[in-house]
Every structure is written in structure tokens, then in C-alpha cells.
Number of protein chains: 2
Amino acid sequence: MAARGKSARRKPAVRKATRPGTVASNVDLGSLPAALGYLLRRAQVAVFADFIATLDGVGLRPGQYSVLIVIEGNPGLSQRELCAALDIQEANFVPMMNGLVRRGLAQRRPSPADHRRYALHLTARGAALLRRARALHRSHEARLVARLGTRGRAALTRLLQALANL
Amino acid sequence: MAARGKSARRKPAVRKATRPGTVASNVDLGSLPAALGYLLRRAQVAVFADFIATLDGVGLRPGQYSVLIVIEGNPGLSQRELCAALDIQEANFVPMMNGLVRRGLAQRRPSPADHRRYALHLTARGAALLRRARALHRSHEARLVARLGTRGRAALTRLLQALANL
DNA sequence: TATTGTTATACTCTATAACTATA
DNA sequence: TATAGTTATAGAGTATAACAATA
């Protein structure tokens with residue numbers, strides 16, 4: 001938060017009083033702090049940063065985590081189906097899936113009925129890693145609830161869903 | 001991202017038909033729809049898509065729009081100060097500012113007191129474009145309020161601010 | 001020595017076209 | 001012809017190191 005009023009005219013003497021992460025700026029952001037897109041972006045970046053740091057130990061990025069969850073919940077799913085569900089470009093999914101396969105977390109099994117398709121599955125190791133990741137994810141969510149309150153979290157969920165498919 | 005005519009505030013009985021852009025997925029997303037990071041990301045992407053489409057006519061991306069707003073509100077600001085206020089890496093700001101200068105929207109004036117600094121200013125053309133952009137931005141925000149309600153918008157603002165500096 | 005702006009670079013994420021092999 | 005997967009590529013966005021000019 002700014003320490004001074006918005007129309008601070010005077011230049012404070014060498015404000016080097018910034019702590020790491022806190023920018024003591026008397027810069028007027030104008031209408032930006034009221035713009036939903038701006039707020040949404042700042043919040044998303046902050047939440048992702050916390051999520052990424054939280055799951056660093058299991059080596060999963062947000063996208064990889066979501067892919068593992070969907071494979072686990074829908075064993076045998078094809079790549080196209082998974083990509084459609086998560087709004088991932090199929091071309092971009094290939095190297096990502098390659099990484100999961102290389103790490104022994106997921107498999108591409110040949111689909112018996114249709115030789116064009118793969119049936120995606122988690123390995124035992126993938127399922128085990130996902131259990132650890134889920135626990136970490138829960139701690140991340142708990143941190144968010146500490147900020148928002150249970151009631152606030154429910155309200156935020158509803159509001160974000162209203163925007164999700166604008 | 002254009003809204004589709006098929007409004008239908010109806011309860012999806014079983015399966016929604018596949019329209020372009022709407023994937024008829026019976027894919028189980030598991031815990032993802034309850035994950036704040038996931039919801040935040042989906043909402044941010046949707047809102048940005050609408051913003052970008054709305055401001056396409058003035059040729060401004062979200063980052064450029066925010067930069068013009070801050071320059072206008074703080075004429076004479078240095079590049080470092082602007083970057084600190086908007087959390088932009090200074091190295092990344094250079095080509096972006098070059099683009100605004102090339103388009104005649106903003107200027108780097110030499111700072112008389114300190115020859116290391118630039119004093120950033122909008123040109124008349126930049127100010128005029130920003131006026132048009134602001135009007136477009138307002139229509140974008142109005143679309144969001146139509147989704148959220150005035151009360152919902154206020155609540156969302158508060159909740160996002162609580163997450164912004166996690 | 002420190003600060004301002006810059007260049008170069010690299011890595012992620014995303015988007016599109018074109019190809020292959022199967023259906 | 002259409003579909004599933006793949007490759008190549010290009011564009012944003014973001015991050016860090018190193019440098020020149022200036023303080």
C-alpha cells in the first residue's frame with residue numbers, strides 16, 4: 001500500500017526504504033487497481049507462484065499437475081480428449097506428455113480398437129507422486145483460505161466461474 | 001471468444017451438444033474445478049481474451065495499455081520507476097517502449113538533472129489513443145459487471161486484492 | 001561504486017500449419 | 001475424407017547476466 005496520498009507532489013528524500021517484495025512507490029496507477037483484468041492477473045501470478053513453490057519438491061508445474069489429475073480420473077483417455085478438456089493445444093501436449101513418460105509417471109498404451117489413439121494411464125509411480133502432490137496442493141489451498149476465509153473462498157469460486165467462459 | 005447465441009440458462013440434463021468451442025466432454029476433472037489456481041487461470045485467460053479483442057481496434061495489448069496509463073498519470077517518470085510500479089523487468093520494457101515510441105504514442109525525453117534517466121511522456125497522439133482505449137476498456141468492464149453484478153464485482157475486487165500480494 | 005538503460009539470451013507458454021498413419 | 005498424433009516453427013511473456021554511460 002502507498003504510504004502517501006494519491007496526489008503526493010513532493011518527492012520523498014531518496015526512498016530506499018523498500019523491503020524485498022514491497023515497492024514503496026508513489027506512482028499513480030490510475031484506473032488499473034480498479035480494473036478486473038489487472039487484479040485478476042496479479043492474483044493469478046501470485047497464486048501460481050505460491051503453487052509452483054509449494055509443488056517444487058515433486059517437480060510438477062501447474063499444467064503437469066492438472067494433466068496427471070485428469071489422467072488418473074479418466075484412465076484410457078486419448079490425448080485429444082484430454083487436451084479438449086484442459087484447453088491444451090494437442091501439438092503442445094506432445095512434449096509435455098513425453099516428459100511425464102520419460103519420468104515414468106504416465107504411459108501411452110496402444111488403443112486396441114483404434115490404432116490411431118493412445119490410451120493414457122498413470123504408472124504406479126505417477127499415482128504415488130500425485131498423492132504427494134495432492135497433499136502439497138491442499139497445503140497451498142489452506143494458505144489461500146487463510147487469506148480469504150471459508151466464506152470468501154466460496155464467493156471467489158462462484159465469481160471466477162462466472163467469468164471463466166466469458 | 002464471441003458469445004454464442006445459444007444462451008440457454010438451462011440445467012444441463014445429461015450432455016451438452018458439441019458446439020465449436022464447447023467440448024462435449026464427459027471427462028472428469030476431479031479436484032481441478034475446486035482449485036483456486038485453476039479457476040483463477042481460466043478466468044484470467046477468458047477476461048484477457050475479451051480485453052484483447054475489445055482493444056484490438058486501438059492496437060494495444062494489456063501490458064501496453066497499463067504502461068500508457070501509468071505514463072499519463074505520472075509524466076516524467078523514469079523507466080525504472082515505471083517498471084517497479086508495474087512489476088515489469090527493465091530489460092523487457094525496452095523493446096516494449098521502443099514500440100510505443102515508434103508508433104508515436106510515447107516519448108523518452110532526456111532528464112535534465114540526471115543524464116542517465118529518461119523522462120517518459122505521452123505524445124498528443126498517445127493521449128488521444130488512450131482516450132479511445134479507455135472507452136473500450138469501460139465497455140469491457142461493463143461486460144464483466146453484467147456477469148458479476150455490481151455487488152459481485154466489488155466482492156471480487158476485494159478477494160483478488162487479498163490474493164495479489166500473497 | 002552505484003544507478004539507468006540496454007543488449008543478448010534463454011526458457012515457458014501458446015498458436016498454427018503441415019505432415020504420418022490409421023480409420 | 002476424416003481423425004489421432006506428431007513435427008516444426010513462431011510469437012508472446014518472463015527471467016538473468018553483463019555491459020556502457022552517467023552519477
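Only heavy atoms go into these numbers, but all of them, side chains included; no hydrogens, no water, no symmetry mates. Values in this document were obtained by computation on a predicted structure and should not be read as measured data. Each chain gets a letter, A, B and so on, in the order the sequences are listed, and its residues count up from 1.
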Open item on the list: My understanding is that only residues two or more places apart in sequence, or in another chain, count here; which of them pass salt bridge (Lys or Arg N to Asp or Glu O under 4.0 Å) with Arg80(B)?
Closed with: Glu90(B)
Task: Partners meeting salt bridge (Lys or Arg N to Asp or Glu O under 4.0 Å) with Asp28(B) (sequence neighbours left out) - done: none
What integer distance in Å separates [X]:[atom1] from [N]:[atom2]?
| X | N | atom1 | atom2 | answer |
| --- | --- | --- | --- | --- |
| Phe93(A) | dA15(C) | CZ | C1' | 17 Å |
| Arg80(B) | dA21(D) | CZ | P | 18 Å |
| Arg61(B) | dT14(C) | CZ | C1' | 11 Å |
| Leu82(A) | dT6(D) | CG | P | 13 Å |
| Met96(A) | dT6(D) | CE | P | 14 Å |
| Arg117(A) | dG5(D) | CZ | C1' | 11 Å |
| Met97(B) | dT7(C) | CE | P | 14 Å |
| Glu90(B) | dT14(D) | CD | C1' | 14 Å |

Task: Phosphate contact (dT6(D) OP1 or OP2) by Arg108(A) side-chain N/O below 4.0 Å - done: yes
Open item on the list: Under 4.0 Å from OP1 or OP2 of dT14(D): is there any side-chain N or O of Gln89(B) that close?
Closed with: no
Task: Any residue of residues 68-76 of chain B with a heavy atom less than 4.0 Å from an atom of DNA chain D - done: none
TODO: Would you jot down, in residue-number order, the residues of residues 41-53 of chain A having a non-hydrogen atom under 4.0 Å from DNA chain D?
DONE: Arg41(A)
Open item on the list: Suppose we screen for side-chain hydrogen bond (donor to acceptor under 3.5 Å, both in side chains). Which residues come up paired with Arg153(A), at least two apart in sequence or across chains?
Closed with: Glu141(A), Thr157(A)
TODO: Report the residues that fulfil side-chain hydrogen bond (donor to acceptor under 3.5 Å, both in side chains) with Gln89(B), sequence neighbours left out, ordered by chain and then residue number.
DONE: none
Open item on the list: Using only atom types and a distance under 3.5 Å, with no angle test, would you say the side chain of Thr123(B) pairs donor to acceptor with the backbone of Gly104(B)?
Closed with: yes
Task: Closest heavy-atom pair and its distance - Ser66(B), Leu32(A) - done: CB-CD1, 3.6 Å
Open item on the list: Suppose the criterion is salt bridge (Lys or Arg N to Asp or Glu O under 4.0 Å): which pairs have a residue in residues 55-75 of chain A, not counting sequence neighbours?
Closed with: Glu72(A)-Arg134(A)
Open item on the list: Show me the pairs that pass salt bridge (Lys or Arg N to Asp or Glu O under 4.0 Å) and involve residues 113-130 of chain A, at least two apart or across chains.
Closed with: Glu81(A)-Arg117(A), Asp114(A)-Arg116(A)
- [ ] Supply the atom-to-atom distance Leu120(B) CG to Ile71(B) CD1, rounded to the nearest 0.5 angstrom.
- [x] 5.0 Å
TODO: State which residues pass side chain to side chain contact (heavy atoms under 4.5 Å, CB included) with Arg103(B); sequence neighbours excluded, sorted by chain then number.
DONE: Leu60(B), Gln64(B), Leu105(B), Leu129(B)
TODO: Name all residues meeting the side chain to side chain contact (heavy atoms under 4.5 Å, CB included) criterion together with Thr150(B); count only those two or more places apart in sequence or in a different chain, and write none if there are none.
DONE: Val145(B)
Show the distances under 3.5 angstrom between N or O atoms of the protein and N or O atoms of nucleotides 21-23 of chain C.
| residue | atom | partner | partner atom | Å |
| --- | --- | --- | --- | --- |
| dA23(C) | OP1 | His115(A) | N | 2.9 |

Task: Residue pairs fulfilling side chain to side chain donor-acceptor pair (under 3.5 Å) with at least one residue in residues 39-48 of chain B, sequence neighbours excluded - done: Asp87(A)-Arg42(B), Tyr38(B)-Arg42(B), Arg41(B)-Gln44(B)
Open item on the list: Over all strands shown, is Ser111(A) touching base, sugar-phosphate only, or nothing at heavy-atom distances under 4.0 angstrom?
Closed with: nothing
- [ ] Quick one: label Tyr118(B) by what it contacts on the DNA or RNA (base, sugar-phosphate, nothing), any heavy atom closer than 4.0 Å.
- [x] sugar-phosphate
Open item on the list: Quick check on DNA chain C: between Leu77(B) and Asn92(B), whose nearest nucleotide comes earlier from the 5' end?
Closed with: Leu77(B)
